[in-house]
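For reference, positions follow the sequence shown, starting with 1.
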Amino acid sequence: MYSLDDYNKYLINVYDPLEFIPTHGNGSYLYDGHGKDVIDFASGIAVTSLGHTNPILIDSLIKQAHTLWHTSNIIANYPQIELAKKLVNSTCFDKAFFCNSGAEAVEACLKLARRYAYKNYDNKKHNIVSFEQSFHGRTLFTVTAGGQAKYREGFEPVVGGVNHGIFNDIESARKLINDNTAAVIVELIQAEGGVTVAQIDFIAELRKLCDKFNSLLIFDEVQTGMGRTGKLFAYMHYPVTPDIIAVAKALGGGFPIGAILVKEPYQTGFDIGSHGTTFGGNPLACAVANTCFDLINQPATFAAVEERAKLFVNRLNDINNDLNIYSQICGKGLLIGARLHHQYLGKSRDIVKLAIKHNVLVLTATLDVNRFLPALNIPLEDITIGLDRFQAALTQFKQEMVL
Ligand SMILES: *Cc1c(COP(=O)(O)O)cnc(C)c1O
């Protein structure tokens with residue numbers, strides 16, 4: 001049996017984990033083996049979207065485990081071909097590239113866009129336009145693209161040629177996008193940045209600017225993808241399509257895998273040898289992702305997300321009408337945010353810590369917003385029980401604030 005003291009002794013502490021170490025999970029529950037059960041409204045940050053120890057995913061993993069684990073990309077494998085085919089046939093894209101994480105997927109999008117510009121225009125067309133408050137991962141290129149200075153601090157010099165506009169402010173983007181712009185990268189919901197939804201006009205105008213200046217439009221769908229917002233990808237809620245998307249998190253339902261999807265003309269930015277990764281398209285990851293994809297990409301799943309989102313938001317609003325802690329409930333589908341009232345700003349992490357004491361796991365999205373990412377198939381009853389527990393946590397929070 002281990003404790004956080006052991007954790008702190010042996011691990012570099014970049015995470016500051018909560019006072020709860022689960023030993024197993026089932027559906028939307030996590031257990032510590034000592035009688036504590038926790039309702040999970042975090043899903044490993046939008047990853048275990050089909051619940052913990054999903055029996056159908058276990059079957060596909062075990063089946064693949066008895067077949068073929070790893071070959072590297074010096075040879076192909078069936079599960080990766082099948083997964084690429086499924087992703088391409090269900091979207092506006094023509095080709096896939098597989099990697100292992102969200103940051104790697106975004107990194108590949110940015111590298112592809114730069115190389116496409118380099119091959120088709122000139123070496124001045126290398127600039128990337130991103131947005132303040134965005135989050136794109138923790139590699140050096142992706143923290144540079146990200147719009148939060150604290151993640152870049154101390155790692156300078158960062159990658160050159162990256163500028164940030166203001167999210168949902170098209171005039172700020174217009175000032176940055178020009179003939180030297182290789183790509184514009186944007187999240188359709190800034191999830192880590194506070195659960196801010198991109199306005200339809202903003203995205204439509206970004207598409208026009210990209211078309212005007214021959215810049216590629218990249219959507220980072222690492223968190224919004226794979227059914228989270230009630231459609232397979234969040235771009236499907238918008239009237240325009242991007243040229244490339246980054247996918248990861250829920251793609252493998254808990255098995256690490258990332259991908260980029262790209263429209264035909266732009267995939268030529270890469271050629272043999274210009275990018276790659278040892279584990280990308282690994283048979284174990286792709287086998288699980290194939291099953292995960294089949295389970296998520298169904299009308300019944302998208303309807304379930306809508307139903308759960310409605311119940312969740314209604315109940316959260318009821319709780320908030322009583323306690324008046326949040327000024328706004330925001331988001332789309334099961335990517336839900338709750339923005340703290342003025343007097344509670346900076347306290348979202350205190351609420352997360354109280355919630356786990358009350359046996360419910362929730363998240364922050366900045367220190368001013370709490371975030372909820374339940375499994376897409378969470379039983380309705382578990383939403384009710386979990387939010388009852390959350391109400392108790394918020395009640396305690398409010399009492400302690402008054403003291
Ligand atoms: C989580 C996330 C990433 C980074 O993914 P990792 O797997 O942690 O590298 C990138 N972009 C967005 C929008 C994310 O939510």
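Asp388 pairs by the salt bridge (charged side-chain N to carboxylate O under 4.0 Å, His left out) definition with Arg315, not counting sequence neighbours. The salt bridge (charged side-chain N to carboxylate O under 4.0 Å, His left out) check on Lys208 picks up Glu205, with sequence neighbours excluded. In this view, Asp271 and Arg115, Lys119 satisfy the salt bridge (charged side-chain N to carboxylate O under 4.0 Å, His left out) rule, not counting sequence neighbours.
Side-chain contact check for Asn100 and Thr277: at least one donor-acceptor pair (N or O, by modelled atom type) lies under 3.5 Å. For the 3.5 Å distance criterion, the side chains of Ser101 and Lys249 fail to qualify, holding no donor opposite an acceptor. Between the side chains of Asn13 and Asn8, at least one donor-acceptor pair of N or O atoms lies under 3.5 Å.
Gly230 and Phe302 make their closest contact through O-CB, 3.2 Å (heavy atoms, listed as atom of the first residue, atom of the second, distance). Scanning both residues, Phe141 and Val159, for their nearest heavy atoms gives CA-CG2, 3.6 Å. Across all their heavy atoms, Ile257 and Ala285 have their closest contact at CB-CB, 4.0 Å. Considering every non-hydrogen atom in both Ile378 and Arg308, the closest pair reads O-NE, 2.5 Å. For Glu221 against Ala234, the heavy-atom pair with the smallest separation is OE1-N, 2.8 Å. Among all heavy-atom pairs drawn from Ala183 and Ala113, the shortest one is CB-CB, 3.5 Å.
At most 12 heavy atoms of other shown residues, nucleotides or ligands fall within 6.0 angstrom of atom NZ in Lys357. Residue-environment remark: OH (Tyr78) stays at or below the threshold of 12 foreign heavy atoms within 6.0 Å.
Relative to the six-membered ring of Tyr121, Lys125 meets both conditions, a distance below 6.0 Å and an angle of at most 45° to the axis.
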Mind running side-chain contact (heavy atoms from CB on, under 4.5 Å) on Ile21 and Asp32 for me, showing each step along the way? CA-CA 6 Å; Ile21 307 183; Asp32 72 353; over 6 Å; no

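In this pair, Phe312 and Phe372 present their aromatic rings tilted. The plane angle is within the 30 to 60° band. Using the six-membered ring where Trp is involved, Tyr31 and His24 have ring planes that are parallel, under 30° apart on the 30 and 60° scheme. Using cut-offs of 30° and 60° on the angle between ring planes, the pair His275 and Phe270 is parallel.
Of the possible donor and acceptor atoms, none in the side chain of Thr291 sits under 3.5 Å from a partner among the backbone N and O of Leu57.
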